[in-house]
Every structure is written in C-alpha cells, then in structure tokens.
Amino acid sequence: MSRQTAIATLMLLCLFILSACGNENVVSKADEASIKTDKTSPIQTTIIGGRTGGAWSIFTEGIAESIRRNNVGSMITVEPGGIVENPPTVGVNKIPYGLSYAMTAYAAYIGEEPYERAYEDIRAVSVVIPANYYQFVVPADVPFDSFEEIVENQVALRLAVDQKGSAGEIITRNIFESYGVSYDDITTWGGSVDYLGGSKAFEMMSDHRIDATGDAVSVPSSDIIEASTILDLKIIALSQETVQVVSEKLGMEPNTIEAGSYTFLDEDLNTLSTQAILMVHKDVPEEEVYQVTKSIYDNLEYLGNVHEEFKKLIAEKMTDVGNVPLHPGAETFFREQGLIE
C-alpha cells in the first residue's frame, strides 16, 4: 500500500469514528430531553384552604394528595384559612397556593370589596369545585315565597348573614340592594341583621330567633341537610332580573339548583353560583405550576372519591377560573391539552 493510500484510509477511518461519536451524542441528548420531559421533580410547598374539619379542608387535602401522587417525594403542607383571607395571603406570597371563590379572588386582584387594596400578583391555576350555589334558606312556614314579597310587604325579617365582608354576606347584601333595600331598611321594618353563618344560624333558626340565612355553599350543603332533620325548610329562588344584575356586578354566574338536591326541594330554583379555584402567586416557577395543574388533571377520578363535589369537576371546566389571569404554567398545560387556544 502506498503512503498516500494509507493516509487517505486513515483519514476516512477518523471521519467515521467522529461521525459515530457525534450521532451517539445526539441520541444521548434526545434521550436526556425525553427523560426531563417524563420525569417530575419533588415539589415542596404549602396550600392554604378552609377551616379545620370543614369541606374546604377536604378539598385542599385532595389537591395536595393529587400533587403528591404525581410527584414522588413531594412535601405538600395544608394550612387552615378562609375564603376571604386566602387571596391576600397568596397575593403577598406569604403562602404560595390557596383556595378561594373566583369572585373573591378577583375582588382581591382588582382591590374591590371586601379588600382595601389590589393584590395584582394573584394568578389562577385551576377550578377546584365548579359551582358553589347561593342558597337563601328559610323555615317552610314563613309568610313569603320570594324576595319580592319580602320587599313589598316590608317583612320584619330576622336575617342571618355570614361574617361581614364574606362572600355570602356580600351576595346577600347585593341581592337586597338590587331591590333598593339596605340592611338599615330591614331594621327599620322591625327586623334584624346578624353576622352569623353555618350551623350557628340554623341553631338560632330552630330556636325561632332567625327567619332566614343566605350563603354560597355546595349543593347539597351538609349544614342545610343537618338542619332539615329538625326543621321544615325551603329555599327562596331568585328572579331572572336579580340574577342578571348581581351576577354582572359580582362576577358570578346564573345557575340552577336542581329539584331533588334536598329532600324538601321539589322544583328547580334559579340562583347564582361561583366556582372555587386554586390560586398561586405569580412568582412561583412555571415548571412547578405546570406540574401542579397536570396533577389535578391526571387525578380527576381520584378526586371524585375524595368528595362528592369533585365529581362535578371535569377537564373542560378546569379552565373556567373567572377573571383572574391564569399562571403561565397552567396556561401552557391547558394549551397542550387543547383546553384553551
């Protein structure tokens, strides 16, 4: 073999070896990218939910467990909170995640009642519970069947509303205001307004000290079911006009409580509803929020076994978060699934 031939053969051999190494490197990087896509990292974070022992604490723990299931080794802490208190807590990044109504989250985001400032760093992750229904509950024997009758007859109504500035209290007040009636007017008629909620309101109703109570809660509500075992109850429907006025003002949605939702409910009732959403601070990394959103999406069947209300959560409803902007991590996931454009 000539010297020139030997050199040419050696060069070809070197080129072949380099090419093989290059291809091996490309495959290695592709495999690495695939691994990064498929593999999830443990998440360590905190979610603020509802009062200990309440339905919202169950909702929050269900979401937390969904994250743990999808992200092995994750440490998700659940802390008690409240519907009104949670948005500011997330808004200042004291706790990165929290549950609230869509209407209260948006009120905090823009700085409207009951908030004195805007918390513009709140972002939405996903709907958790698609609808919490406003329910105005009264004893079955009260001498009225509508808000119109209460107003026209200036009924001396002994009214219980939730704590001042709560979602239920704001909704109740706005319903009466849609008729041009204030709490002061109710007092002038000989009635009263007490800031009570839940079981305490029904306890006073059973003692004949309260005539009505209104709040936005799940259907069926455990408090209402329990009260109905010792009281004959009815729920007052809202007029279409009232539904339209209040829903537009508060960022709620028209909805219907279906007949049979309670043993005493024989017909569908018009009302308002607001969804419960998972919020997050805008500075939480996009990759983490993506995985949290995916965890909820992947565990819808599991969540349906955690609480009856979760059974109403389907993929198509996860994006219906109201007017709070989606976090980019959630937005990316929903877009990949074709749930938003």
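In this text the structure is predicted, and so the values were computed from the model without any measurement.
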Of W56, Y106, Y134, the one forming a ring pair (Phe, Tyr, Trp, His ring centres under 6.0 Å) with Y101 is W56
side-chain contact (heavy atoms from CB on, under 4.5 Å) test vs L278 passes for just one of V289, T60, V125, namely V125
Exercise. Is it true that K94 and E79 have a side-chain N and a carboxylate O under 4.0 angstrom from each other?
Worked result: no
_Check: V161 and R173 side chains under 4.5 Å, non-hydrogen atoms_ = no
Should we say atom CD of E308 is surrounded by more than 12 heavy atoms from elsewhere, each under 6.0 Å from it?
no
Honestly curious: do M205 and L157 fall in one hydrophobic cluster under the side-chain, below-4.5 Å linking rule?
no
Note, L326 side chain near F334 side chain (heavy atom, < 4.5 Å): yes
So OG1 of T213 and CZ of R158: to nearest 0.5 Å the spacing works out to 13.0 Å
Looking only at heavy atoms, the pair that brings S295 and S66 closest together is CB-O, 3.6 Å
Quick test of your reading of the model: are E61 and R68 salt-bridged, counting only N-O distances below 4.0 Å?
yes
| Are L159 and I224 connected, step by step, through hydrophobic side chains (Ile, Leu, Val, Met, Phe, Trp, Tyr) whose heavy atoms are closer than 4.5 Å? | no
- Task: Would you mind reporting whether L196 and M204 have side-chain heavy atoms less than 4.5 Å apart?
- Result: yes
- [ ] Apply the test side chain to side chain contact (heavy atoms under 4.5 Å, CB included) to residues T263 and I225: give CA-CA distance (whole Å), side-chain angles for both, the deciding distance (0.1 Å), then the verdict.
- [x] CA-CA 9 Å; T263 56; I225 290 174; over 6 Å; no
ask   = Any side-chain heavy atom of V280 sitting closer than 4.5 Å to one from E288?
value = no
Discussion item. Do N174 and E177 make a side-chain contact, defined as non-hydrogen atoms from C-beta onward lying under 4.5 Å apart?
Written reply: yes
Here the pair of heavy atoms bringing Q275 nearest to P130 is CB-O, 3.2 Å
Would one find more than 12 heavy atoms of other residues, nucleotides or ligands at under 6.0 Å from atom CG of D207?
yes
Find out if a path of hydrophobic residues (ILVMFWY) with successive side-chain heavy-atom gaps under 4.5 Å connects V193 to V138. yes
Exercise for the section: Taking the six-membered ring for Trp and the full ring for Phe, Tyr or His, determine whether the centres of F310 and F59 are under 6.0 Å apart. Expected result: yes
ask   = Is there a side-chain contact between S100 and I83, using heavy atoms and a 4.5 Å cut-off?
value = yes
Would a 4.5 Å heavy-atom cut-off, applied to side chains only, mark P114 and I170 as touching? yes
Distance col, row K317:NZ vs L339:CG, nearest 0.5 angstrom, shows 13.5 Å
Which is it for Y133 and L269 under the side chain to side chain contact (heavy atoms under 4.5 Å, CB included) test, yes or no, and what are the steps along the way?
CA-CA 11 Å; Y133 301 80; L269 290 179; over 6 Å; no
task: Mark yes when over 12 heavy atoms from residues, nucleotides or ligands other than R335 sit less than 6.0 Å from its CZ; otherwise mark no.
output: yes
**Asked** What's the verdict on side chain to side chain contact (heavy atoms under 4.5 Å, CB included) for V78 and S57, showing C-alpha distance, side-chain angles and the deciding distance?
**Response** CA-CA 8 Å; V78 172; S57 67; 5.8 Å; no
Scanning both residues in full, the closest heavy-atom pair of S261 with P220 reads O-CB, 3.7 Å
Verify the cluster assignment for L233 and I230: are they in a single hydrophobic cluster under the rule of side-chain heavy atoms below 4.5 Å apart? yes
So, does Y179 use its side chain to make a donor-acceptor pair with the main chain of T242 at under 3.5 Å? no
Checklist entry - Backbone N or O of Q244 within a donor-acceptor pair of the S247 side chain at under 3.5 Å? => result yes
Which of parallel (below 30°), tilted (30 to 60°) and perpendicular (above 60°) describes F147 and F136? tilted
dist W189:CH2 -> N153:CG (nearest 0.5 Å) comes out at 9.5 Å
If hydrophobic clusters are built from ILVMFWY residues whose side chains come within less than 4.5 Å, do Y195 and I210 share one?
no
Is there a donor-acceptor pair closer than 3.5 Å between any side-chain N or O of E203 and the backbone N or O of A227?
no
Contact check, side chains of V321 and V127, non-hydrogen atoms, under 4.5 Å = yes
> Should M103 and I171 be marked as a side chain to side chain contact (heavy atoms under 4.5 Å, CB included) after you check the CA-CA gap, both sets of side-chain angles, and the distance that decides it?
Replying inline: CA-CA 10 Å; M103 63 168 283; I171 298 167; 4.0 Å; yes
When rounded to the nearest 0.5 Å, the distance separating CG of N132 from CG of N255 is 10.5 Å
Note to self: Using side-chain hydrogen bond (donor to acceptor under 3.5 Å, both in side chains), reason through T187 and D184 one step at a time and then give a plain yes or no.
What the structure shows: CA-CA 5 Å; T187 302; D184 287 341; 5.2 Å; no
Between R209 and S206, is there a donor-acceptor pair closer than 3.5 Å when you use the side chain of the first and the backbone of the second?
no
Could you tell me whether E286 atom CD has more than 12 heavy atoms of other residues or ligands within 6.0 Å of it?
yes
request  = Answer yes or no on whether R117 is positioned over the face of Y119, meaning its NZ or CZ is under 6.0 Å from the six-membered ring centre and within 45° of the axis.
outcome  = yes
Here the gap from T89 atom OG1 to I48 atom CD1, rounded to the nearest 0.5 Å, amounts to 4.5 Å
d(M279 CE, I47 CD1) to nearest 0.5 Å is 11.0 Å
Crowded around E149 CD? As in, over 12 foreign heavy atoms under 6.0 Å? yes
CD (E148) with more than 12 external heavy atoms under 6.0 Å: yes
Heavy-atom donor-acceptor pair, N70 side chain to V292 backbone, under 3.5 Å
no
Checking the side chain of D268 only, and the main-chain atoms of A259 only, is there a donor and an acceptor separated by less than 3.5 Å?
yes
(Q) Using a strict threshold of under 4.0 Å (side-chain N to carboxylate O), is an ion pair present between D298 and R69? (A) no
When every non-hydrogen atom of I277 is compared with those of A105, the smallest separation belongs to CD1-CB, 3.9 Å
For V84 and A167 the tightest heavy-atom approach is CG2-N, 4.1 Å
Between V284 and Y97 the two heavy atoms that sit nearest each other are CG1-OH, 3.5 Å
